[in-house]
Participant: 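I'd like to ask you about the structure that follows.
Keep in mind that this is a model prediction, so the values were computed, not measured. Each ligand, and each atom within it, is numbered from 1 in the order the structure gives. Side chains are part of it too, since the values below use all heavy atoms of this structure and drop only hydrogens, waters and symmetry mates.
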Amino acid sequence: MIAFLAVLALANCGKAPQPPTASQPATPTPTPTQAAEPAGDADKNLNIFCWSEYIPQAIVDAFTKETGIKVSVETYASNEEMLAKLFAGGGTYDLIQPSEYVIEGLIKENMLTPIDRQAIPNMKNIAPEFTSMSFDPGNKYSIPYMAGTVGIVVNTELVQDDIKTYNDVFQEKFRKNIVVLDDAREIVSWGFESMGIPINEVSDENLEKVRPVLEKWLPLVKVFDSDSPKTALLNGDVALGVVWAGEGAILLNEDKKFKWVVPAEGAHLFVDSLAIPKSAKHVKNAELFINFILRPDISAKVSEAFPYLNPNVAARELLTPAQRNNPASFPTADQLANMQTFKDIGEQATKIDELVTSLKAQ
Ligand code: N2P
């Protein structure tokens, strides 16, 4: 609890809910052969709290059409923002979408409801390498939604250099020509990777080591944006970005001038899952939604709108070759071998937040 409460004190709580803004796919047609879904809660409501630009509104609408369950969606731009509101929300949320290290922390703090796996037959669609991961052995509390990495996007019309590493991005000549995620844990991990420090070794000593690197890097950034970092690149406001892979994949689809680079030093592999807070009031409706979104046709529609690394192998089969070959969506086996997930780092999370906040303000 201590770690989460500390993060709560520092996290940005003032953000208004925002609807997803990326292009929305057409409302999917329910598969006629679909087995009858188990009944939901008597109260036909569901409150989802998810990352922005991650669950297409058309999918939410299709769920409501099929089940009669009215869904309210609120979004967040970082795990820490989600945690702050979860603690302050007094049981408003039925379904949340934390990344791996946050699931690990929430399980430790007994903040999640075990998921009735009988209600999630579509779990069979998830690739074995994304099941029973170390943050939730047996998937007792979480069901994988999307995975992905953080990498570099280069506008090759504006940058001719062969960008390979974080240090290649954060150069004086690119001052105020860079967009990065507004995410302290991510930013510190890039600094660590550039110095050869394992991304989960977040000690006071390593934070002091990374400070001068970030002191140099952060003033070079023009835009901090976790919701839609692609926008600054699309508008030509910046030439380089360190962004979520799904944002990179959308940019590659938009214009050939954009290039995706997995940083040579390694990168964070995030696994974002669906989980039900202990305080949820509509647990069965949440389970219905989880099973619905794991349907191959539905999950493929999610990939169409938000092209992340889809752990749903049955959905992957429905993707076009172009979608499957997007290098930002689907890293190679060699690239994956050089990626790591984040671990829960307890109270050190607060120190990361303090460090990045103070350096951004310099
Ligand atoms: C979607 C954000 C991706 C989530 N907008 C990264 N964990």
Side-chain angles (χ1 to χ4, degrees), residues 7 11-12 15 17-25 48-57 59-60 73-83 86 95-106 130 133 135-136 142-153 179-190 199 223-234 241-251 253 260 262-263 267-275 293 299 301-311 326 328-331 339-344 349 352:
V7 169
N12 164 20
K15 234 167 145 125
Q18 306 142 12
T21 54
S23 59
Q24 306 290 335
I48 299 180
F49 194 27
C50 60
W51 287 89
S52 56
E53 309 244 347
Y54 223 14
I55 301 183
Q57 186 59 40
I59 297 298
V60 173
V73 179
E74 193 180 327
T75 62
Y76 53 86
S78 72
N79 282 295
E80 290 66 30
E81 181 189 349
M82 181 274 288
L83 286 175
L86 180 66
L95 196 56
I96 53 172
Q97 200 179 33
S99 301
E100 70 286 355
Y101 65 106
V102 176
I103 302 249
E104 188 186 347
L106 288 170
F130 287 104
M133 296 182 78
F135 57 87
D136 182 15
S142 67
I143 305 290
Y145 173 73
M146 285 285 164
T149 185
V150 170
I152 301 165
V153 172
V179 58
V180 301
L181 299 172
D182 195 4
D183 191 302
R185 181 88 195 254
E186 290 291 350
I187 290 173
V188 165
S189 77
W190 311 334
I199 55 179
V223 182
F224 290 89
D225 182 2
S226 289
D227 288 307
S228 183
K230 64 181 166 309
T231 304
L233 283 148
L234 275 173
V242 185
V243 306
W244 310 122
E247 294 276 305
I250 291 172
L251 288 165
N253 289 339
W260 175 251
V262 176
H268 169 214
L269 175 73
F270 55 81
V271 182
D272 299 327
S273 298
L274 294 162
I293 212 148
S299 179
K301 288 283 180 197
V302 175
S303 275
E304 196 178 311
F306 302 118
Y308 284 87
L309 200 184
N310 195 334
N326 189 317
S329 306
F330 294 102
M339 292 177 193
Q340 265 184 288
T341 50
F342 285 162
K343 304 267 182 245
D344 173 46
I352 281 190

Participant: Could you identify the single nearest non-hydrogen protein atom to atom 5 (N) of ligand 1 and state the distance to 0.1 Å?
Facilitator: Ser52 O, 2.5 Å
Participant: Within the 4.0 Å heavy-atom shell around Ser99, which atoms of ligand 1 are there?
Facilitator: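 Here the atoms of ligand 1 in question are 7 (N).
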Participant: Check whether the ring centres of Tyr308 and Tyr54 lie less than 6.0 Å apart, and answer yes or no.
Facilitator: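 Ring centres of Tyr54 and Tyr308 closer than 6.0 Å.
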Participant: So Phe49 and Tyr76, ring-ring contact (aromatic ring centres under 6.0 Å, His included) or not? Walk me through it.
Facilitator: CA-CA 7 Å; Phe49 194 27; Tyr76 53 86; 4.8 Å; yes
Participant: Where do Val243 and Trp260 come nearest, in terms of heavy atoms and distance?
Facilitator: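 What the structure gives for the nearest pair is O-CH2, 3.9 Å.
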Participant: Using heavy-atom distances only, which candidate in Trp244, Tyr145, Phe306 approaches atom 2 (C) of ligand 1 most closely?
Facilitator: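 Minimum heavy-atom distance to atom 2 (C) of ligand 1 goes to Trp244.
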Participant: Hey, which atoms in ligand 1 end up nearer than 4.0 Å to a heavy atom of Glu53?
Facilitator: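 Those qualifying, in numeric order: 1 (C), 5 (N).
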Participant: Considering non-hydrogen atoms of the protein only, which is the closest contact for atom 3 (C) of ligand 1, and what is the distance?
Facilitator: Tyr308 OH, 3.6 Å
Participant: Which residue owns the protein heavy atom closest to atom 4 (C) of ligand 1, what's the atom, and how far is it?
Facilitator: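 Checking every protein heavy atom, the shortest distance to atom 4 (C) of ligand 1 gives Asp272 OD2, 3.2 Å.
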Participant: Does any N or O in the side chain of Asn310 come within less than 3.5 Å of the main-chain N or O of Ser303, such that one atom is a donor and the other an acceptor?
Facilitator: no
Participant: Do Asp183 and Ser78 have a side chain donor and acceptor closer than 3.5 Å?
Facilitator: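 Asp183 vs Ser78: no donor-acceptor pair found between side chains.
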